[in-house]
Structures are given as structure tokens and as C-alpha cells.
2 protein chains.
Amino acid sequence: MTRDASVTRAEREARERVEALGIDVGAYAAVSNIFRVANAVRNHTERTLLSEFNLSFSGFTVLWVLWVWGPKESHALARESGISKSTLTGVVKTLERLGFAARKPHAMDGRRVFVQATRKGISAMRNIFPRFNDVEAMVTRDLSIGEKENLARALRIMLHSMES
Amino acid sequence: MTRDASVTRAEREARERVEALGIDVGAYAAVSNIFRVANAVRNHTERTLLSEFNLSFSGFTVLWVLWVWGPKESHALARESGISKSTLTGVVKTLERLGFAARKPHAMDGRRVFVQATRKGISAMRNIFPRFNDVEAMVTRDLSIGEKENLARALRIMLHSMES
DNA sequence: ATCATATCGTTCGGAACCTAACGATTTCAA
DNA sequence: TTGAAATCGTTAGGTTCCGAACGATATGAT
């Protein structure tokens, strides 16, 4: 089966312009396409899946972290979800209103709060996550297994480069 | 020079959990790492570069589109920037307040508005973009030229898969 | 000329997003 | 025991983000 690896029109036009500026075009191509894919997946998922459950992408992310790891304290939950503590406060408020999550005070430390998924939240996640994984599978369907592994590997290398 | 392609701790823990759910782990690894890299680059860039100019990431993106292609109508500018028309209205308002962009009415059609970068905006972009490209280069520094090309290629294939 | 339909950009309303600062609480050195 | 410093989660204030709806304008059929 043939598949399309051609440069998208948006990338081609931008590339022509930025090439004239004497920049690292390989780096530009890699990073700009990461943003394009991330935006496309996020927008697609919000529109076709998450809106059914009144969830934002970050709401979904937070609920997913709770579903995978169980109850977490606010600061850790914010870090694992990639959002700030103040944003987490607002997102958890929304999840509480939807009945998907609940706060629980820490037994020993009055400053801390646990957040946990409710049964309703876990039930919603059992519905949502396989469908989200279908999106992940659809998005990568034209890549071979080796290509998927190489892609994930290159991204991990980039993450480690940012950590040093 | 050795380099680190190991699975990050965040990915490893998540992977163990989601493997138990019988999902497409290759797709999960690829897509979840795309989000991790996109988030890391965006946060890093906002903190270390864009805050100097009071720019959000989307403000930067919109200004970049104007810088590369010249004045654009609002609806096209929104589409090229990956945001909605209503968001663009707000972001352009902020760019106007910063003196980086200006609106101009369409000569023939009272409904339409052109947006253009100002001299101040262009000057700021000449400062910002090379430094943003340094971030792009830093993030990809541990990838070979072949690996960068394979990464960009795999991402393009994914973009095309989403378009069909 | 008129009217229905479509398009444009803005406004509305509400959620997400951030940093800085705050009050409450904990920790630890003296 | 006391008080300084640190940590936690929330609040404040402002921007970004969206879809729906609106007023203004353009288009095209009649």
C-alpha cells in the first residue's frame, strides 16, 4: 500500500522562507512537525471524543493520571499532568463538578490534599481511553512497527537532551 | 559520544500500567512522547525566551506567520496559526497593545480585516526567531542528520493519515 | 430592486492557562 | 519553646482557548 510522506503544503511554504534565514532547517522541520501533530491530535480528540463527556484535553489528562496511578497529591498530579498547580486547582474543580474526581484531606499534613478518581470517573475512563488509543493507532497506522519504535526513540532522546 | 535513548521514568511507569489494558503500546509510546516533547519545548520557550517580550506561545506563532508570509486576513491567519477565529481576535488585540501588529481594513470588502506585523514586531522577530531556532537545535542536538530526517518524515506521514 | 443565504470578524460566556502572592501549616535550628 | 523559613493549595488578575451567536457586509437568485 502506498503512503504519503510528502512535505505538507504548510511545511513546504514555511521551509522555503526560513531557509533564506540561515537557520538549522533539520531542527526546524523536526520540531515544527511535532507541534503540528500534537495540535492536530489534541483538536481531533477534543472535538470527536472528549466533548461527549464535557472534558477538556487537560481534564482528560488529569483523569488519566489518576486512573493509571491512583490517588495523588495536588502538586504531584500537576507535575505528572504537565500543568501548573493553580491550573490544576481549576481543572480538579471542573472534574469534581462533573463527578469524575474528589478531593481528600491528607491524614497527617493539613497543607496537603489528595485527589482521586470517583467510580464515575473510572467508568468514564474505561470508555474513553480505548477510544483515545484508537486515535493513537489511527494516527500511526501508516508507520511500520520499526518506524514507530524509531520515532518514540528519537523523541526520548530529545526529552533527555532537554533535561540536561 | 554516548547519548540517552532510555525510556523516561514517566513513560516507563505509564507503559507498565497501560500494557495491562491490552492497548496498542507502540501507538501509545509514539503519541504520548509527541505530547511530552511539545509541552517541554513550549514551556521552556515561554519561560526562557518569550517572557522577555511579553509574548505567549500563540502570540509568537501568529507574529511568526506574519513575519514569514506578510500581511494576512484574519481567517487565514487563524488557520495558519492553528487557533480559532475568536482566539485570533484576542491574540491580535494583545499583539496590537504590544505594538507588534496592526489591523487594516480590506479595500474592497467591509467584512474583512488584514493583520500585519509592525516594524517593531519585525524587529522583535529578528531577535526572537534565531533564538527559538537555537532551542530547536538544542532539542535535536543528540539526533543524527538521518534520525532528524526520519523523525520529520514519520511525523509527515502521521499528518497525512489524519487528513484522510 | 429585493430578499434569502453566506461569510467575516467580533462578542459572549465559560473553562484553561500562567505567575505572583496569600493564608494555613509544617519543619527545623537555636 | 519560639520563630524563621519552607511548603502546600488557593486566590487574584490577566491572557488564551473555544463554540455559538451576533451585526455588518457581500453574493446571487428571482
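Every chain is numbered from 1, with letters handed out A, B, ... down the list of sequences.
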I need the [atom1]-[atom2] distance between [X] and [N], as an integer number of Å.
X	N	atom1	atom2	result
A/Asn43	D/dT16	CG	C1'	14 Å
A/Leu98	C/dA16	CG	P	9 Å
A/Lys93	C/dC17	NZ	P	15 Å
B/Met108	D/dT27	CE	P	9 Å
B/Glu73	C/dC8	CD	C1'	9 Å
A/Arg79	C/dC18	CZ	P	15 Å
A/Leu77	D/dC8	CG	P	14 Å
B/Leu55	D/dT15	CG	P	13 Å

With heavy-atom distances below 4.5 Å as the criterion, would you say the side chains of [X] and [Y] are in contact?
X	Y	answer
A/Trp67	A/Leu63	no
B/Ile34	A/Val41	no
A/Val92	A/Arg103	yes

What's [X] touching, base or sugar-phosphate or nothing? Going by heavy atoms closer than 4.0 Å.
X	answer
B/Thr87	base
B/Thr89	base
A/Leu88	nothing
B/Arg97	sugar-phosphate

(request) Name the residue closer to the 5' end of DNA chain C, choosing between A/Ile83 and B/Arg103 according to the nucleotide with the nearest heavy atom. (result)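 Upstream on the strand: B/Arg103.
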(message) On DNA chain C, compare the nucleotides closest to A/Gly110 and A/Ser56; which residue's is nearer the 5' end?
(response) A/Ser56
Taking only side-chain N and O atoms of [X], does any of them lie within less than 4.0 angstrom of OP1 or OP2 on [N]?
X	N	result
B/Ser84	D/dC17	no
B/Ser51	C/dT19	no
A/Arg111	C/dT27	no
A/Ser74	D/dG9	yes
B/His75	C/dG9	yes
B/Arg42	D/dT16	no

(message) Assuming nearest nucleotide by heavy-atom distance, tell me which of A/Arg47 and B/Asp109 is located more 5' along DNA chain D.
(response)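 Nearest nucleotide further toward 5': that of A/Arg47.
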(request) Look at the aromatic rings of A/Phe129 and A/Trp64 and report parallel, tilted or perpendicular, splitting at 30° and 60°. (result) tilted
Among [options], which nucleotide has an atom closest to any side-chain atom of [X]?
X	options	answer
B/Ser86	D/dT10, D/dG19, C/dC18	D/dG19
A/Thr94	D/dT15, C/dA16, C/dA24	C/dA16
A/Val91	D/dC18, C/dG9, C/dC17	C/dC17

(message) For A/Phe60 and A/Phe132: C-alpha separation, side-chain torsions, deciding distance, then whether ring pair (Phe, Tyr, Trp, His ring centres under 6.0 Å) applies.
(response) CA-CA 10 Å; A/Phe60 163 70; A/Phe132 180 70; 4.9 Å; yes
(request) Would you tell me whether B/Asn150 and B/Glu147 have side-chain atoms, one donor and one acceptor, within less than 3.5 Å of each other? (result)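 B/Glu147 and B/Asn150 do not have a side-chain donor-acceptor pair below 3.5 Å.
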